[in-house]
Amino acid sequence: MTTDPTGTRAMTVDVRRGTYRDSVGLMRVSREVAALDGVEAALVAMATELNLGLLADMGGAAPADVGPNDLLVAVRAVDEEVLAAALRRADEELAAMAGGGGGGGGAARAPARTVRAAARAAAPESPPTVALVSVPGRYAAAEAFDAMDAGLDVLVFSDNVPLEHEIALKEAAERLGRLVMGPDCGTAVIGGAGLGFANAVRPGPVGVVAASGTGAQQLMCLLDAAGVGVGHCLGVGGRDLSAEVAGRSTRRALHLLDADPGTERIVLVSKPPAPQVAKEIEAECAALATPVHLVLLGGDGTDISAAAAEVATALGRPAPAWPTWLPDEPVRPRAGALRGLFCGGTLADEAMVIASAVLGPIASNIPLHPDDERWTLDAGLRSDDHLVIDFGDDDLTAGRPHPMIDPSVREERLAAELADPACGAVLLDVIIGHGSHPDPAAGVAAVLRAADSPAPVVVTLCGAEDDAQGLSAQAETLRAAGAEVYLSNAEATRRAVALLTAP
Amino acid sequence: MSGESALLTTDPSVVSVGAGMFADALAAQAVPVTRVGFRPPMGDGSLDDALVRVLADPRRAAANATAVERVLAVRPQLVDVRPAGEALGLEAGDFLHAGPPVDWERASGPLRGALMGAMVFEGLAADPDAAERALASGAARLDSCHHHAAVGPMAGVISPSMWVFELADPATGRRSWCSLNEGLGRVLRYGAYGPEVIDRLRWMSAVLGPLLRDAVRAHGPVDIGAIVAQMLQMGDEGHNRNRAGTLMLLREVLPELVGGGAPASDVAEAVRFVSGNDHFFLNLVMPGAKLMMDAGRDVPGSTMVVAMARNGTDFGVQVSGTGDTWFTAPAELPDGLYLGSYGPDDANPDIGDSTIAETAGIGGFVMATAPAIVRFVGGDVDFALATSRSMYEITLAENPAFQLPILDFRGAPTGIDVAGVVRTGVLPQINTGMAGRVPGTGQVGAGLVNPPARCFALAMAALAEAAPPLSTR
């Protein structure tokens, strides 16, 4: 423990060796501790490179030999007394985490340590059917293999899973007759249950295969608004249709849906696949008994909203008008650059495809043209011109929660953009549903209200009315703070572009 | 395992590993969810690719099923008691020892002490000092018991004139051997070599061995597997407590011992010796376990451990899919209770082949079934229950023949999976005795120990080498 020369500040960095907790839970502990009166900063986190950087920013240092399996408890407080109280609080919170909902009583059994053991320990009246893997990416494949060994299908939510691990997993799944959803599979709906990030959409005859998490969420929410229900949504991971992974999970998911008597139409949502994979998948789709809509984002100008409308009309619904929630006072257009701040990668992609058709190059950390510097953002994520940032990209989520869970990083950037005179309009997404932050609109609205004469803000609100956060309630919060709110990301993007190019 | 997925046709029930919020979200939707207490695997990231390569090996599932099936099919029977020279083909100057191979230079105190005693016992040295000089100059040929289908507790020294139990599996004809147990305290296996040790060994070869031989031959094969199954239901775990097993063995052969026509005083002494030594049956548990585990050897692609053994210097592990290679690391000091005034400074690092019991799923793995000894090895009953339960996380099968009443007659956790150990960081639990560090001391205590994690890391790397490489397309 060290006290600074003025004698009024106290700081400590504890290392708990070999104590592992998941990063999301630790975020909560950090917040609880940081919220105590007199605590200036608190970091309760695994000693990953990123967190050691955060510790250094706090003015602390850890021993050189700590590693990602060691837990850091670092607190800076106004005096020693507060510091001691903060450490006690951290210990209480950590102890509560370790309880982990494992069931009451002092003699409660430790939770199973492996998927296989957990599958055996599950209630016999509801034998497990699927494993949801959300451990850090480099550990995810081992858990998924264990799940398949236990006879389960698997959803790998984790990102940063090495490509060769993904291929090995999917080859094994083919051999074992299992489905591997993901990795980096943000969403799935199976028999009405939402896994990962998912919306409470109405049940119905559409089956979705998605190589895109937020793309699938947007599609399902739009279909829901059009009165069309979804029976199952099987995510396959963003790389599934690459030349390397060769659509292994897509094929399997298509066949599962084709064999499902409740599925009348299939929608396949993906970025444009590798050409040879596209050919195979198209042949595969043509051979199915169930009609398939191929939605290849960014390829031929198809956007998700157009595809949703097409599916709705194919099912005999009237052409939908997507809901909007507009502020009482119309926003005032102004000159400047487009600043897109997204949590959803596919929504960011779709926005760039639509906007760049009018605005020209848009710089991004997930560039449409990676080899062209006009389209790429450096690690500082700064540009004076049009830019779109995907805060959910692997590089920005290593060692921290996804921005749909913890929106603070994006909120900080939103405040900065609103204060930037070069910013002509901000386009952002707010995604609700299972797994998402309990009230993401509140944070965005607070930033909007705090801003002085801000640039216009256009929001894609992706959600369903039955989501716990409430679609209308979230929309109202945003609208009341002055944002234009759209259910359709394509419409929101066109509106933002229109604001920039208004005469 | 394989077959069409019922994913879309049955109500979902989820096993969730990782972020608790996703499990919470499922519970909020009234979807049944079972949580996993995940911890990162061993190796701080260095083994992740090796682990995936091994888990992806298409041979693995079938190979492990085959290995386990062979292990569980073994029915160990005691078929004979013979001099080791005859049974194992040992000649004067041959000495087998516990654990992976080691030379005199690196041999631990208790192993040196046992070898010195054995040299005197074999008449190859006049006294322990002379034996030490002869051993240091390379007079003896040392080899691992395990290389000869044999096992020996603690130092595990077997020399030609010692008598051994001979076990056989009737279905395969496979055999295994183990020395006769000398009792507790100052005994050769704990490194003691005083005159009382040598005298006892001479009596065992002259009287006890032949008596047991005649009794076993007259009785016919004794079903060791059946006795192990029963002792586990009578408070023994088959490593540090063998009281029920010892008495059941005696019950089996007593009529033949008594009726064999040997002098009544010899029979009385033999019976007194066996029934007064609660560990006598350990030397039958061990070759029984050895017979089982040897049956699981050499299945390409199998990640099952087939031997764990220590020589007092190194802890060694052998794995089915990697042949006879030993994966070794420095043996660790057990943690437990000490006899009399002995303390940690007197104890030698972990030693003996008796870990074959844990390799076969008993001993420390079934501690829950032996609450009477948990204090002796330094634990409590909750610890014993938790330990046995955790062993199911790292094993491939449950042995239906060896049941644990306290766990609702669940089968013993059997067949340590290297991948399971590396994935969970849960190390096999071993119950053990402790030998004195200084040659000649004998036993100083008993306690608990784990294999060094490094043995499993090395085994994992070798298994990965033997598995097909991961493809990047």
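Convention: sequence-line order gives letters A, B, ...; per-chain numbering from 1.
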Most heavy-atom pairs under 4.5 angstrom with chain A, which of B:Asp48, B:Asp11, B:Thr424? B:Asp48
In terms of heavy-atom proximity below 4.5 Å to chain A, should B:Leu55 be classed as side chain, backbone, both, or neither? both
In terms of heavy-atom proximity below 4.5 Å to chain A, should B:Val31 be classed as side chain, backbone, both, or neither? side chain
Is a donor on one side and an acceptor on the other found under 3.5 Å between the side chain of B:Thr34 and the backbone of A:Ala119? no
Given the options A:Asp153, A:Leu234, A:Val133, A:Val154, which has more heavy-atom pairs under 4.5 Å with chain B than any of the others? A:Asp153
Where on A:Met181 is there a heavy atom nearer than 4.5 Å to chain B: the side chain, the backbone, both, or neither? side chain
Has B:Glu69 got more than 12 heavy atoms of other residues, nucleotides or ligands less than 6.0 Å from its CD? no
Which heavy atom of A:His434 sits nearest a heavy atom of B:Ala25, and at what distance? CB-CB, 4.3 Å
Which of B:Gly20, B:Ser16, B:Ala61, B:Ala30 touches chain A most, by non-hydrogen pairs under 4.5 Å: B:Ser16
Among B:Gly45, B:Pro40, B:Ala28, residue most engaged with chain A (heavy-atom pairs, under 4.5 Å): B:Pro40
Whether over 12 other heavy atoms sit under 6.0 Å from B:Arg59 CZ: yes
Got A:Leu195 and B:Phe22 here, is their nearest side-chain heavy-atom distance under 4.5 Å? no
Is any side-chain N of the basic residue among B:Glu393 and A:Arg116 closer than 4.0 Å to the acidic one's carboxylate O? no
Which heavy atom in B:Leu470 sits nearest to a heavy atom in A:Ala168, and how many Å separate them? CD2-CB, 3.6 Å
Scored by heavy-atom pairs under 4.5 Å with chain B, the best of A:Gly435, A:Gly191, A:Ala142 is A:Ala142
When rounded to the nearest 0.5 angstrom, what is the spacing between OG in B:Ser471 and CD in A:Glu244? 9.5 Å
Between A:Ala172 and chain B, which part of the residue has a heavy atom less than 4.5 Å away: side chain, backbone, both or neither? neither
Against chain B, work out which of A:Ser134, A:Ala123, A:Gly192 has the most heavy-atom pairs shorter than 4.5 Å and name it. A:Ser134
Using the side chain to side chain contact (heavy atoms under 4.5 Å, CB included) rule, take A:Leu179 and B:Leu7 through it: C-alpha gap first, then chi angles, then the decisive distance, then the call. CA-CA 9 Å; A:Leu179 176 67; B:Leu7 183 67; 3.8 Å; yes
In terms of heavy-atom proximity below 4.5 Å to chain A, should B:Arg389 be classed as side chain, backbone, both, or neither? side chain
Determine the option with the most heavy-atom pairs under 4.5 angstrom with chain B, choosing from A:Leu257, A:Ile190, A:Asp260, A:Leu163. A:Ile190
Where B:Met21 and A:Ile405 come nearest, the two heavy atoms and their spacing: SD-CD1, 3.4 Å
For A:Leu132 and B:Leu26, what are the C-alpha separation, side-chain angles and deciding distance, and is it a side chain to side chain contact (heavy atoms under 4.5 Å, CB included)? CA-CA 10 Å; A:Leu132 169 52; B:Leu26 285 160; 3.9 Å; yes
In terms of heavy-atom pairs under 4.5 Å with chain B, the winner among A:Gly196, A:Gly67, A:Ala141 is A:Gly196
Top contributor to chain B contacts, counting heavy-atom pairs under 4.5 Å, from A:Arg113, A:Arg138, A:Glu164: A:Arg113
Heavy-atom contact with chain A under 4.5 Å, split by part of B:Leu51: side chain
B:Arg454, CZ: over 12 other non-hydrogen atoms inside 6.0 angstrom: no
Quick check on B:Asp44 against chain A: is it the side chain, the backbone, both or neither that has a heavy atom closer than 4.5 Å? both
A:Ala246 versus chain B, the contacting section by heavy-atom distance below 4.5 Å: neither
Quick one: closest heavy-atom pair of B:Pro32 and A:Ser126, and the distance? CB-OG, 3.6 Å
Quick check on B:Thr10 against chain A: is it the side chain, the backbone, both or neither that has a heavy atom closer than 4.5 Å? side chain
Side chain, backbone, both or neither of B:Arg423 within contact of chain A (heavy atoms, under 4.5 Å): side chain
Atom CG of residue position B:Leu407 - does it have more than 12 heavy atoms of other residues, nucleotides or ligands inside 6.0 Å? yes
Taking all atoms of both residues into account, what is the closest heavy-atom pair of A:Tyr139 and B:Pro41, and its distance? CD2-CD, 3.3 Å
Could you report the tightest heavy-atom contact between B:Asp49 and A:His165, atom names first, then the distance? OD1-NE2, 2.6 Å
